Amino acid sequence: MHRFCEECGAGMEWFRRGGCCGWECKSCGWNVATSWFDPIEMDQTAYSISLEPSENPAVSKLKLTAEIAGVNWLEAKKLIENAPAELFRGPAPQIKEIRDKLEAAGMKYKIEPEFPY
Ligand SMILES: [Zn+2]
C-alpha cells in the first residue's frame, strides 16, 4: 500500500506512535494521522464468562460475585453453588476487567468463546 504526499508528492510512510498512527511524508513532514484503536476495543464478540463450581465460597468471593453479576449475596451464593452459571455476558473490555478481578480473587471461571486477551 502506497500513498503520496498531498503537499510535495513524495512517498509517504506508515507510522505508529503512542496512541496514534497514520501516514507521514518523509520529505516535508506532512501527515495524515488516525487514532489507533486497541484491538480489544474493536472486538464485536459478546463473550460469556461463567463460574466453575466452588464449595463453601469465602465471603470475599461472594462479594465479588454479587458485584459482577449485580445480585445480592444470597443470589451470589446460589450462583456459585449451582455453577457453572453465567456471571456476565458482554464485550471484550468488560470481560477482561471481570476476568482480572476473578483472577485476583483466585476464582475459577470459564470464558466462551475462547478469549484471546
Ligand atoms: Zn511531503
Side-chain angles (χ1 to χ4, degrees):
M1 187 172 165
H2 281 285
R3 266 183 83 145
F4 296 95
C5 178
E6 289 178 22
E7 294 292 317
C8 73
M12 296 179 84
E13 279 182 30
W14 178 254
F15 74 93
R16 190 165 143 194
R17 220 181 278 130
C20 200
C21 62
W23 293 91
E24 185 172 60
C25 175
K26 289 291 160 193
S27 173
C28 73
W30 188 81
N31 64 68
V32 193
T34 54
S35 294
W36 166 255
F37 291 103
D38 197 329
I40 193 169
E41 300 285 347
M42 306 295 281
D43 192 334
Q44 300 287 313
T45 313
Y47 292 93
S48 163
I49 189 162
S50 52
L51 288 176
E52 298 281 330
S54 153
E55 277 176 43
N56 300 315
V59 168
S60 60
K61 293 183 180 179
L62 283 179
K63 202 177 159 191
L64 181 64
T65 304
E67 183 194 316
I68 294 169
V71 297
N72 62 37
W73 286 29
L74 195 69
E75 287 173 77
K77 189 163 184 283
K78 274 190 213 156
L79 264 178
I80 296 174
E81 285 172 353
N82 298 327
E86 183 175 277
L87 196 57
F88 181 83
R89 179 183 289 267
Q94 275 170 285
I95 292 287
K96 186 167 181 279
E97 207 173 290
I98 292 169
R99 191 265 320 267
D100 292 347
K101 283 182 185 172
L102 293 177
E103 284 274 354
M107 292 179 75
K108 291 202 182 97
Y109 60 87
K110 203 165 103 184
I111 300 175
E112 283 176 303
E114 200 180 328
F115 196 61
Y117 307 104

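When a ligand or atom number is given, it counts from 1 through the structure's own listing order. None of these values were measured; they are calculated from a predicted model.
Checked by atom type, the side-chain pair Gln94/Tyr47 shows no donor-acceptor distance below 3.5 Å.
Using a 4.0 Å cut-off between charged nitrogen and carboxylate oxygen, Glu24 and Lys26 count as a salt-bridge pair.
Note: Glu81 CD to Asn56 CG = 7.5 Å, rounded to the nearest 0.5 Å.
In this structure, the side chain of Arg99 does not engage the main chain of Ile111 through any donor-acceptor pair within 3.5 Å.
Partner of Tyr109 under the side-chain hydrogen bond (donor to acceptor under 3.5 Å, both in side chains) criterion, out of Glu52, Lys101, Glu103: Glu103 alone.
Looking at Trp14 and Arg3, their side chains never come closer than 4.5 Å, going by heavy atoms from C-beta outward.
Excluding waters, the protein N/O/S atoms found under 2.8 Å from the Zn ion (ligand 1) are Cys5 SG, Cys8 SG, Cys25 SG, Cys28 SG.
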